[in-house]
Peer 1: 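One structure coming up, written as structure tokens, with questions to follow.
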Amino acid sequence: MEISGFTQEQLDVREAVSKICSKYPDEYWMEHDNSGEYPHDLHKDLAKDGWIGIALPEDLGGAGLGISEATMMLHTIAESGAGIAGAQSIHANVYATQPVAKFATPEQRRHMLPDLISGKTRTCFAVTEPNTGLETLKLRTFAKRDGDSYLISGQKIWISSAQVATKMVLLARTTALEDVKKPSEGLSLFFIDIDKAAPGIELKRIKKMGGRAIDANEVFFDNFRIPADTLIGKESQGFKIVLYGMNAERCLLAGEALGIGYAALKRATDYARERNIFGRPIGQNQGIQHPLASAYMHLEAAKLATYHAAKLYDNSGIDSSITQHAVGIACNSAKYLAAEAAFTACERAVLTHGGMGYAQEYHVERYLREVFVPRIAPVSREMIMNYIGEKALGLPRSY
Amino acid sequence: MSGLRILVPIKRVIDYAVKPRVNRAQTAVETANVKHSMNPFDELSIEEAVRLRERKVPVSEIVAFSAGPPKSQDILRTAMAMGADRGIHVVVEDKDPQLEPLGVAKLLKKVVDEQKSNLVILGKQSIDDDAAQTGQMLAGLLNWPQATQASKVQVEGETVTVTKEVDGGVETVRAKLPMIITTDLRLNEPRYASLPNIMKAKKKPLEKKTLKDYELDAAPRLKTIKVTEPPPRKGGVKVEDVDGMISKLKELGAL
Ligand SMILES: Cc1cc2nc3c(=O)[nH]c(=O)nc-3n(C[C@H](O)[C@H](O)[C@H](O)COP(=O)(O)OP(=O)(O)OC[C@H]3O[C@@H](n4cnc5c(N)ncnc54)[C@H](O)[C@@H]3O)c2cc1C
């Protein structure tokens, strides 16, 4: 990757985080992918040195940097060989806390965030539901007010790291769909404790294709009681609030995709340089070289889109000429471009390795399995096309 | 005594993990577009200085010093993020004549005088030239005691006890301040700079100077004739058994 053009902060982050990650080489991630054991160590090391709070306010123990730096952090983690799995062991703590830091009361922030920054607690992020999928505004999990509490009932799916997290950023409905005026109303955001031994909550782990060290779960709520003061911001404003975290998430996922893409490309080029067949390095054949050259250019272009989006996200708070409309388009585009560029890089890395690309020992098959995640989540390629068609091009809404 | 005034000279070198390549003109190792970092032995020096302070040895100041291109300020920031209090950067552009160990030692002597340092901790060598001379020359110029290749450092009042790595074991030496120490790999394990400390380091003072400020004549005394890569290692041969190995060694004249 070409690193000129990054800010000194970003370069410092890259340098420092890659040092920490060097303790956890590809073999570490391969073993955890095989055993399914959660990679707690990386989170612990990063928390110890203050990295979880990279984009959280200084008065809470964070570093007060932006998503531009946090994206570089996740990018660096993924590029170290930790891949999407390694990044997933960290990222919800970075993006899901953005709306909490912005919209919670001072009292709530003090109560909720310092322990998370120090690594004592971890959070997961629960939006997706089995029956509504990408149609987030139709989600059904309901939070019913009951005195000083809410009672949560419903079902979430694909909730990453819920087995190891004790906190959850939860999007739930506080007004029934039939009773809202605008579909974006009626949802509320909560930052809750999830004590899995408590009545009314149950988790079921999903077996999956890649990132197998990071649990993904179905979560069942049945009158699960949460204190009313876990509501972030106003009731019914949850969707607007959570968007603030979602655009940040798009940037981080884009960074993670870039990281795994560059890692795959590096392995591919190293192998192409060293593997001699027909009396010369396979990388001397244009049939091998050109696809890798193209993968490089696409990654570089996606890199520019990604850090541009992160910059817009960060600056939108201080520069009123940057609209949320522009931020949304930039963040979604970046996630799409980075995920596709990374997928191409990973696929070509496998093919460049020939048979060895299929062997675990060369790691690129693991990258390829993991790189599907940024293509699918948190929003699919098709939904981004829908969104860009409507919002950027002004075409009739198709979804 | 008001406390140790520690000077830690550090150098920006090609990262230890990079495979160095000789430039086409065979005059030097290629440095353009190559990852650089702090000389690993210098990380040990900074770490040791910071640990002395953490062990409650009275330390009034830790100054990190580097002579090198503008980019050397990155490693000075790293040193400050690890715990040095401030930095001094003597800017030596890549196009300027490069300093030799004796030139660096002369420069350091002036810095020691200026900063009133009473302990200088240097890496035993820097991994680019592997000269392993600067600490010793500085000790000579200052006429201070030196303990090279330290694997353990203890300070009690004015007395410094250093365990040194020597062939076949360790040697323990003792001297009174002021003194020079050079560090070896087993001395400590350098910390990673934490994020809050990286942020704090940006606010620590970093003074920029030139060789002129120190009125130093550092004209090179050595001329590099040619730089070449070591010849590639030839592949080995496999032998069947011990007898086969012995006869092979005889055949090669090694026995
Ligand atoms: C590994 C992993 C981790 C995850 N972690 C989390 C997490 O921590 N928290 C969380 O809340 N969620 C998480 N998710 C969920 C993820 O965000 C969703 O899977 C994703 O948003 C897609 O939703 P869905 O699976 O319900 O797909 P669906 O909505 O069922 O869509 C299925 C397919 O149909 C397409 N489609 C649907 N509607 C349209 C349309 N109108 N036009 C064109 N195409 C359409 C989609 O693009 C997609 O290809 C995770 C998912 C994975 C795979």
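Protein chains get the first letters and strands the later ones, always in sequence-line order, with residue 1 at the start of each.
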Peer 1: Taking all non-hydrogen atoms of both residues into account, name the closest pair between B/Pro196 and A/Gly50 and its distance.
Peer 2: CD-CA, 4.0 Å
Peer 1: Please look at A/Leu65 and chain B and tell me whether the side chain, the backbone, both or neither of the residue comes under 4.5 angstrom of a heavy atom of that chain.
Peer 2: side chain
Peer 1: Just checking A/His353: does its NE2 atom have more than 12 heavy atoms from other residues, nucleotides or ligands closer to it than 6.0 angstrom?
Peer 2: yes
Peer 1: Heavy-atom cut-off 4.5 Å, strictly under: side chain, backbone, both or neither for A/Ala16 against chain B?
Peer 2: side chain
Peer 1: Step through the shown structure and confirm whether more than 12 heavy atoms of other residues, nucleotides or ligands are within 6.0 Å of NE2 on A/His40.
Peer 2: yes
Peer 1: State which residues pass side-chain hydrogen bond (donor to acceptor under 3.5 Å, both in side chains) with A/His363; sequence neighbours excluded, sorted by chain then number.
Peer 2: A/Glu27, A/Arg366
Peer 1: Across chain A and chain B, what donor-acceptor pairs are shorter than 3.5 angstrom?
Peer 2:
from, atom 1, to, atom 2, distance (Å)
A/Asp12, OD2, B/Lys202, NZ, 2.6
A/Lys19, O, B/Tyr192, OH, 3.3
A/Asp49, O, B/Leu195, N, 2.7

